Amino acid sequence: MSGFKIATWNVNSLRVRLPQVLEWLNKEQPDALALQETKLQDIDFPESVFTDIGYRVVYSGQRTYNGVAIITRDSINEKITDLPGIEDIQRRVLAVTVNGVRIINLYIPNGESVTSDKFQYKLQWLRSLEIFLKQELGAHQKIIVLGDFNIAPQPIDVHNPTEWEGKVLFSDQERKAFANMLELGFADCFRALNPVLQAYSWWDYRVNAFKRNLGMRIDHILASQSLIAQCELCHIDKTPRSHERPSDHAPVTAAFI
DNA sequence: ATGGTTGCAACGCAA
């Protein structure tokens, strides 16, 4: 596939955000869009809404929590919905191949707080993810890993890094796990294309965080080494976050030559 | 200020 545009968006309920997703698709015309937190069982996924406008869809959902989906222009192959080595009812992984590009959509656990059991689950999940990514790198050349990572990689990705030091989303353990991922052979598209730009992809619903720009960059698009040289643009679209009834996340887009 | 908001679903849980 040459000349393609791919995006990720944690929509925090596809049922609520469906009109915004359709509007955004129509305006941006990506070749692929990875969604997280669809919060829909597969039986409830609004498949025809997307096929009617010329997209194909694949999804791995559950009710109330989690749920991932990928919307693409071209045909979808080699679907995987689980990490190796862990039993997990939570639907957080969706890997597919489209036009020779491996697309791995992730909704990495939030972790709640570093003292929580959910934080240990997050770290274990990240260890399994690393094993999975190694496998994928052995099987595919062109890989894009994207989604809600729930990790801010560097101080520049946090509105107040001093305050967030050691806290969930920005702890040393999580940042190390992110760095390990890059060391496997991936680049962070946004940071590769915008080395010193401070921009966020998520703002808490509370405390007027969006208006005050108290955000974090936790939604990412990683590209394998054979793809990163072809990445010509990566940006975060804050527009939908300013809409009525927004998701707390903004979509992130990368374009490849 | 240990608060605040949102979504789901029906009470508190997760984010």
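None of the values given here were measured: they were computed from a predicted structure. Naming convention: chains lettered A, B, ... in sequence-line order (proteins, then strands); numbering from 1 in each chain.
- B:dA14 atom P lies 17 Å from atom CG of A:N10, rounded to whole Å.
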>> Give the dot-bracket line for DNA chain B from 5' end to 3' end: parentheses for intra-strand Watson-Crick or G-U pairs under 3.5 Å, square brackets for crossings, | for inter-strand pairing, dots for unpaired.
In response: ....((((...))))

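- Within the structure, salt bridge (Lys or Arg N to Asp or Glu O under 4.0 Å) contacts touching residues 19-29 of chain A (residues at least two apart or in different chains) are A:K5-A:E28.
- Atom C1' of nucleotide B:dA15 and atom NZ of A:K122 are separated by 11 Å, given to the nearest angstrom.
- Shortest non-hydrogen contact noted between A:I131 and A:P84 is CG2-CG, 4.2 Å.
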Donor-acceptor contacts, no H, no angles, side chain residues 132-139 of chain A, under 3.5 Å, sequence neighbours left out:
from: A:E136; atom 1: OE1; to: A:R102; atom 2: NE; distance (Å): 2.6

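- Looking at A:Q36 and A:T8, their side chains do bring a donor and an acceptor atom within 3.5 Å of each other.
- Using P as the reference atom, B:dA10 and B:dT5 are 23 Å apart when rounded to the nearest Å.
- The main-chain N or O of A:R245 is found under 3.5 Å from a side-chain atom of A:R17 such that the two form a donor-acceptor pair.
- At the heavy-atom level, A:F210 lies nowhere under 4.0 Å from the strands shown.
- The C1' atoms of B:dG4 and B:dA15 are separated by 13 Å, rounded to the nearest whole Å.
- Taking atom P on both nucleotides, B:dA9 is separated from B:dA14 by 14 Å, rounded to a whole Å.
- The side chain to side chain contact (heavy atoms under 4.5 Å, CB included) with A:I103 is formed by just one residue from the set A:L146, A:T97, A:V58; it is A:L146.
- We find that CG of A:L214 is positioned 17 Å from P of B:dG4, with the value rounded to whole Å.
- Applying the salt bridge (Lys or Arg N to Asp or Glu O under 4.0 Å) rule to pairs touching residues 90-99 of chain A yields A:D82-A:R91, sequence neighbours excluded.
- Rounded to whole angstrom, the span from the CD atom of A:Q90 across to the C1' atom of B:dA15 amounts to 12 Å.
- The phosphate of B:dA14 (OP1 or OP2) has no side-chain N or O of A:R92 nearer than 4.0 angstrom.
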> Please walk me through it: do A:E37 and A:Y107 pass side chain to side chain donor-acceptor pair (under 3.5 Å)?
Replying inline: CA-CA 8 Å; A:E37 284 205 87; A:Y107 176 42; 3.3 Å; yes

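- One atom, CD1 of A:I108, and another, C1' of B:dA14, lie 17 Å apart when rounded to the nearest Å.
- Here A:R212 lies out of heavy-atom contact (under 4.0 Å) with every strand.
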> What one-letter contact string describes nucleotides 5-13 of chain B from 5' to 3', where B marks a base within less than 4.0 Å of any protein heavy atom, S marks contact via sugar-phosphate atoms alone, and - marks no contact?
Replying inline: BSSSS---B

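- Applying the side chain to side chain donor-acceptor pair (under 3.5 Å) definition to pairs two or more places apart or across chains, those involving residues 157-168 of chain A are A:D157-A:R191, A:D157-A:R217, A:N160-A:E163.
- Going from the P atom of B:dT2 to that of B:dC11 covers 28 Å, rounded to whole Å.
- Separating the P atom of B:dG3 from that of B:dG12 is a span of 16 Å, rounded to the nearest Å.
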